[in-house]
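What follows is a set of notes on a single structure, which appears directly below.
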Amino acid sequence: MKPDPQPQISKWLRVDLCAEQWEVLREFERWLSEEAIPAGLLSPGEEKRIWTRHIVDSLSFSVGWAGDPPPGRLMDAGSGAGLPGIPLAIAFPQTTVTLLDRSVKRVRLLRRAIRVLGLGNVEAIAGDIREQRACEGVVMRAVLGPREAVRVMGNVLVPGGKGVIGLAHRRTADPGWRHLGGRVVQVPVLDPSGWLLIMQQCGDQ
């Protein structure tokens with residue numbers, strides 16, 4: 001039996017998810033296993049670590065808003081299998097989450113996941129993050145290299161908007177990341193540790 005990860009995750013994220021939210025996350029885990037992997041959105045080797053490697057990792061992006069209200073609108077750039085956007089939409093039910101992906105095929109699959117999970121605060125559209133503007137919040141996981149991701153965030157975020165970029169799963173953080181601007185945060189609920197770069201657009205632009 002899997003150990004119960006909920007107390008550790010909730011404590012680190014400083015959010016309390018209700019039983020219904022945890023159950024929807026488990027439903028998403030099942031969807032990833034039963035539909036996303038056969039469709040090629042995740043590799044078959046990921047099946048045994050969907051929860052720890054993908055869902056918990058996705059939830060960790062919420063620390064970008066720890067202590068602050070979640071954004072009214074959040075864009076998941078290069079969403080792929082709905083990661084991290086769908087777990088964040090479950091954690092932030094009052095936030096409208098847009099799953100953005102360049103592949104029309106992936107967008108169709110994401111729309112099916114939205115229907116299966118009954119998520120009324122999520123939409124999936126085809127597009128490129130480089131073409132977006134006026135984003136209140138953006139998350140980006142394994143889409144662009146850190147330097148390019150930072151440049152794109154600077155172009156698409158509104159003043160005061162926040163962006164969270166997934167960096168890597170390593171035992172130690174690359175010191176070069178600290179020169180990109182923003183704040184580098186370790187994700188201790190992952191093994192090996194993950195790292196996030198949290199950026200906030202200057203409010204006077």
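All heavy atoms count here, side chains included; hydrogens, waters and symmetry mates do not. Everything numeric here is computed off the predicted structure, so don't read it as measured data.
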> Can Ser62 and Leu88 be said to form a side chain to side chain contact (heavy atoms under 4.5 Å, CB included), step by step?
Replying inline: CA-CA 7 Å; Ser62 69; Leu88 291 174; 3.9 Å; yes
> Hey, is the main chain of Gly160 close enough, under 3.5 Å, to the side chain of Gln200 for a donor-acceptor pair?
Replying inline: yes
>> Please enumerate all residues that pass side-chain contact (heavy atoms from CB on, under 4.5 Å) together with Glu136, with sequence neighbours excluded.
In response: Pro71, Arg73
> Atom CZ of Phe61 and atom CZ of Phe92: how far apart are they, to the nearest 0.5 Å?
Replying inline: 12.0 Å
>> Holding to side chain to side chain donor-acceptor pair (under 3.5 Å), I want the full list of residues that pass it with Glu47, two or more places apart in sequence or in another chain.
In response: Ser33
> Which residue pairs pass the salt bridge (charged side-chain N to carboxylate O under 4.0 Å, His left out) test with at least one member in residues 78-102, sequence neighbours excluded?
Replying inline: Asp101-Arg106, Arg102-Asp128
>> Do Met75 and Val139 make a side-chain contact, defined as non-hydrogen atoms from C-beta onward lying under 4.5 Å apart?
In response: no
>> Show every side-chain hydrogen bond (donor to acceptor under 3.5 Å, both in side chains) that has at least one partner inside residues 88-98, sequence neighbours left out.
In response: Thr98-Glu123
> Taking C-beta and beyond as the side chain, do Val164 and Trp65 meet within less than 4.5 Å on heavy atoms?
Replying inline: yes
>> On a heavy-atom basis, which atom in Trp31 and which in Leu109 lie closest, and how many Å separate them?
In response: CZ2-O, 3.4 Å
> Is Trp195 close to Val185 at the side-chain level, that is, under 4.5 Å between some pair of heavy atoms?
Replying inline: no
> Do Val107 and Leu119 share a hydrophobic cluster, counting only Ile, Leu, Val, Met, Phe, Trp and Tyr and linking them when any side-chain heavy atoms are less than 4.5 Å apart?
Replying inline: no
> How would you list, by chain and number, every residue that makes a side chain to side chain donor-acceptor pair (under 3.5 Å) with Arg49, sequence neighbours excluded?
Replying inline: Glu46
>> Once side-chain contact (heavy atoms from CB on, under 4.5 Å) is applied, do any residues pair with Ala149, and if so which ones, sequence neighbours excluded?
In response: Met140, Leu144, Ile165
> For Ala81 and Leu41, which heavy atoms make the closest approach, and how far apart are they?
Replying inline: CB-CB, 3.9 Å
>> Side-chain heavy atoms nearer than 4.5 Å, only ILVMFWY residues, links allowed to pass through others: does that put Ile198 and Leu83 together?
In response: yes
>> Do Leu196 and Val184 make a side-chain contact, defined as non-hydrogen atoms from C-beta onward lying under 4.5 Å apart?
In response: no
>> For Pro93 versus Gln21, what's the shortest heavy-atom pair and its separation?
In response: CD-NE2, 3.9 Å
>> Going by side-chain contact (heavy atoms from CB on, under 4.5 Å), name the residues that satisfy it together with Ala142, two or more places apart in sequence or in a different chain.
In response: none
>> For residues Val158 and Leu74: do they belong to one hydrophobic cluster (side chain heavy atoms under 4.5 Å, members Ile, Leu, Val, Met, Phe, Trp, Tyr)?
In response: no
>> Looking at Lys162 and Gly64, would you say the former's side chain and the latter's main chain have a donor-acceptor pair under 3.5 Å?
In response: yes
>> Among residues at least two apart in sequence or on other chains, which ones pass salt bridge (Lys or Arg N to Asp or Glu O under 4.0 Å) with Arg112?
In response: Glu35
>> Is any side-chain heavy atom of Val116 closer than 4.5 Å to one of Glu27?
In response: no
> Would you call Asp57 and Arg141 a salt bridge, using N to O less than 4.0 angstrom?
Replying inline: yes
> Val138 and Ala77: which non-hydrogen atoms are nearest, and at how many Å?
Replying inline: CG1-CB, 4.3 Å
> Is there side-chain contact between Ile86 and Asp76, with at least one heavy-atom pair below 4.5 Å?
Replying inline: no
>> Is any side-chain heavy atom of Val150 closer than 4.5 Å to one of Leu197?
In response: yes
>> Using the side chain to side chain donor-acceptor pair (under 3.5 Å) criterion, which residues pair with Ser60? Sequence neighbours excluded.
In response: none
> Would you say Leu25 and Pro87 make side-chain contact, with heavy atoms under 4.5 Å?
Replying inline: yes
>> Could you work out, with salt bridge (Lys or Arg N to Asp or Glu O under 4.0 Å) as the rule, every residue matching Glu148, not counting sequence neighbours?
In response: Arg130, Arg151
> Under the salt bridge (Lys or Arg N to Asp or Glu O under 4.0 Å) test, which residues partner Arg108, sequence neighbours left out?
Replying inline: none
>> Using a strict threshold of under 4.0 Å (side-chain N to carboxylate O), is an ion pair present between Glu29 and Arg26?
In response: yes
>> List the residues meeting side-chain contact (heavy atoms from CB on, under 4.5 Å) with Leu110, not counting sequence neighbours, and say none if there are none.
In response: Ser79, Leu99, Ala124
> How far does CG of Leu157 sit from CD of Gln132, to the nearest 0.5 angstrom?
Replying inline: 12.0 Å
